[in-house]
Amino acid sequence: MKEYTFDVERTKKEVIAWIQDFFEKNGPGCNAIIGISGGKDSSVVAGLCVEALGKDRVIGVLMPCGVQKDISASRKLVEHLGIRNVEVNVEAAVVGLTQAIENGKCENMDPVEFTVQTKTNLPPRIRMATLYAVGQSMNGRVANTCNLSEDWVGYSTRYGDAAGDFSPLAKLTVTEVKAIGHSLGLPYDLVEKVPIDGLYSGKTDEDNLGFTYAMLDTYIRTGVIDDKEKKAKIDRMHKMNLFKLEMYPMFDPKIDFAVDWK
């Protein structure tokens, strides 16, 4: 078994320095724009950005879609950190765009009928558009809050929560993110909040995945997993979703340019 240890204090200091270096190179004086869901990832990213940049340069954006039962968690986080924040309800945008597409004029084809997955992915994409609108208006850089565990199995929305300008947690597992959250002194209930699918189905992310993050994290870091069926499922999901982590394919014409743009 591959030996694995995680130095939370060292990693926390390194990621804070990494954020500072990113902003020094890509936007000195700019603000960090973070979508605040009230869960561990956005809470930890916000906490790290406050440590790196100071609370005056961190802006939280709360984006409920209609009535969000756990919006109090998002409000608790921004109050705990003392950061500026804006609450934008995206329901009208989600409903409006859905209706506009479904009622769109179609020629030589049937009307577009949204699938369940389409309806699931639309709100995250509208939320990301909201973050970039706020960021452009407030001299900001948008944070990607995805972690390694979710990225590993593709549990994110391309051009939704998987987008962003910088990604502090992309190489850290759920277990490691939680450890950093506790080290930052964030509210325990936010760091340990059980993530749900946002579909009001009553299912957690782990219910939908079919395995626990603890199992996935151990497999990622050590290569060890006892359940052969779950190993096969994780491997299959990882392979199927690698495209989300790669630059989209670009045609490269075989032309001799005067300037090398590569």
Side-chain angles (χ1 to χ4, degrees), residues 12 15 31-51 55 58-91 93-94 120-135 138 140 142-151 155-157 160-164 166-170 172-209 213:
K12 181 179 71 173
V15 70
N31 300 302
I33 310 298
I34 306 166
I36 306 295
S37 69
K40 63 184 179 306
D41 298 318
S42 63
S43 296
V44 171
V45 170
L48 289 170
C49 286
V50 167
E51 291 291 321
K55 66 180 182 180
V58 180
I59 299 174
V61 185
L62 289 65
M63 296 172 286
C65 185
V67 177
Q68 182 176 317
K69 295 180 180 179
D70 62 349
I71 191 66
S72 59
S74 301
R75 293 168 181 159
K76 180 176 183 177
L77 187 279
V78 296
E79 182 177 351
H80 173 81
L81 294 176
I83 60 175
R84 291 180 290 167
N85 60 92
V86 56
E87 189 169 320
V88 181
N89 199 306
V90 301
E91 182 180 37
V94 172
T120 301
N121 288 330
L122 184 58
R125 289 177 173 137
I126 288 179
R127 287 189 174 103
M128 188 52 66
T130 302
L131 289 175
Y132 271 97
V134 173
M138 300 293 292
V142 175
N144 170 294
T145 61
C146 291
N147 60 61
L148 175 61
S149 304
E150 293 169 344
D151 280 345
Y155 206 64
S156 61
T157 299
D161 56 326
F166 67 108
S167 187
L169 308 183
L172 297 170
T173 66
V174 165
T175 304
E176 295 159 353
V177 170
K178 287 183 177 181
I180 292 175
H182 291 309
S183 179
L184 288 168
L186 298 175
Y188 181 88
D189 57 325
L190 300 187
V191 176
E192 295 294 336
K193 182 183 176 186
V194 177
I196 57 176
D197 60 15
L199 300 177
Y200 304 103
S201 66
K203 290 185 177 182
T204 67
D205 286 359
E206 290 182 334
D207 290 334
N208 289 320
L209 288 170
Y213 281 120

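Numbering starts at 1 and runs along the sequence shown.
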- Message: In the structure I gave you, are the side-chain heavy atoms of Ser156 and Asp151 within less than 4.5 Å of one another anywhere?
- Response: yes
- Task: Provide the full list of side-chain hydrogen bond (donor to acceptor under 3.5 Å, both in side chains) pairs with a residue in residues 178-188, sequence neighbours left out, each pair given once.
- Result: Glu9-Ser183, Lys12-Ser183, Lys178-Glu192, His182-Glu192
- Can you find a pair of side-chain heavy atoms, one from Glu150 and one from Asp205, that are under 4.5 Å apart? yes
- Message: Could you go through Lys76 and Asp189, starting from their C-alpha distance and side-chain angles, then the distance that decides it, and tell me whether this counts as side-chain contact (heavy atoms from CB on, under 4.5 Å)?
- Response: CA-CA 10 Å; Lys76 180 176 183 177; Asp189 57 325; 3.0 Å; yes
- Task: Answer whether the closest heavy-atom distance between the side chains of Glu206 and Val194 falls below 4.5 Å.
- Result: no
- Task: Please say which of Cys65, Pro64, Pro123 ends up in a side-chain contact (heavy atoms from CB on, under 4.5 Å) with Glu91.
- Result: Cys65
- Message: Any non-hydrogen side-chain atom of Asp207 less than 4.5 Å from a side-chain atom of Thr204?
- Response: yes
- Note on the structure: Closest non-hydrogen contact found for Val45 with Asn144 is CG2-O, 4.4 Å
- Side-chain donor-acceptor contact under 3.5 Å, Asp41 with Thr145: no
- Contacts of Ala163 meeting side-chain contact (heavy atoms from CB on, under 4.5 Å) (sequence neighbours excluded), chain-then-number -> Met128
- Where do Ser43 and Leu186 come nearest, in terms of heavy atoms and distance? O-CD1, 3.5 Å
- If we only count heavy atoms from C-beta on, is the Val90 to Thr130 side-chain gap below 4.5 Å? yes
- Closest contact, heavy atoms only, Val191 versus Lys40: O-CB, 3.4 Å
- Between the side chains of Ser42 and Ser37, does any donor sit under 3.5 Å from an acceptor? yes
- Partner set under ring-ring contact (aromatic ring centres under 6.0 Å, His included) for Phe166, not counting sequence neighbours: Phe22, Phe23
- Task: State the CD1-CG distance between Ile36 and Leu81, to the nearest 0.5 angstrom.
- Result: 7.5 Å
- Item | Closest contact, heavy atoms only, Leu184 versus Gly47 | CD1-C, 4.1 Å
- Note on the structure: To the nearest 0.5 Å, atom OG of Ser149 lies from atom CG of Leu209 at 10.0 Å
- Can you list the residues that meet the salt bridge (charged side-chain N to carboxylate O under 4.0 Å, His left out) rule with Arg84, with sequence neighbours excluded? none
- Gln68-Asp70 side chain donor-acceptor pair, cut-off 3.5 Å: yes
- Message: Are Ile33 and Ile59 packed together at the side-chain level, in the sense that at least one heavy-atom pair is separated by less than 4.5 angstrom?
- Response: yes
- Query: Would you say Arg127's side chain and Gly35's backbone share a donor-acceptor pair under 3.5 angstrom?
  - Reply: no
- Residues which pass side-chain hydrogen bond (donor to acceptor under 3.5 Å, both in side chains) with His80, listed by chain and number, not counting sequence neighbours: none
- Asn147 side chain near Leu172 side chain, heavy-atom distance below 4.5 Å: no
- Task: Answer yes or no: is there a donor N or O on one side and an acceptor on the other, between the side chain of Asn31 and the main chain of Met138, under 3.5 Å?
- Result: yes
- Task: With sequence neighbours excluded, tell me which residues meet salt bridge (charged side-chain N to carboxylate O under 4.0 Å, His left out) with Lys55.
- Result: none
- Message: A side-chain contact here means heavy atoms from C-beta on lying under 4.5 Å apart; do Leu48 and Leu169 qualify?
- Response: yes
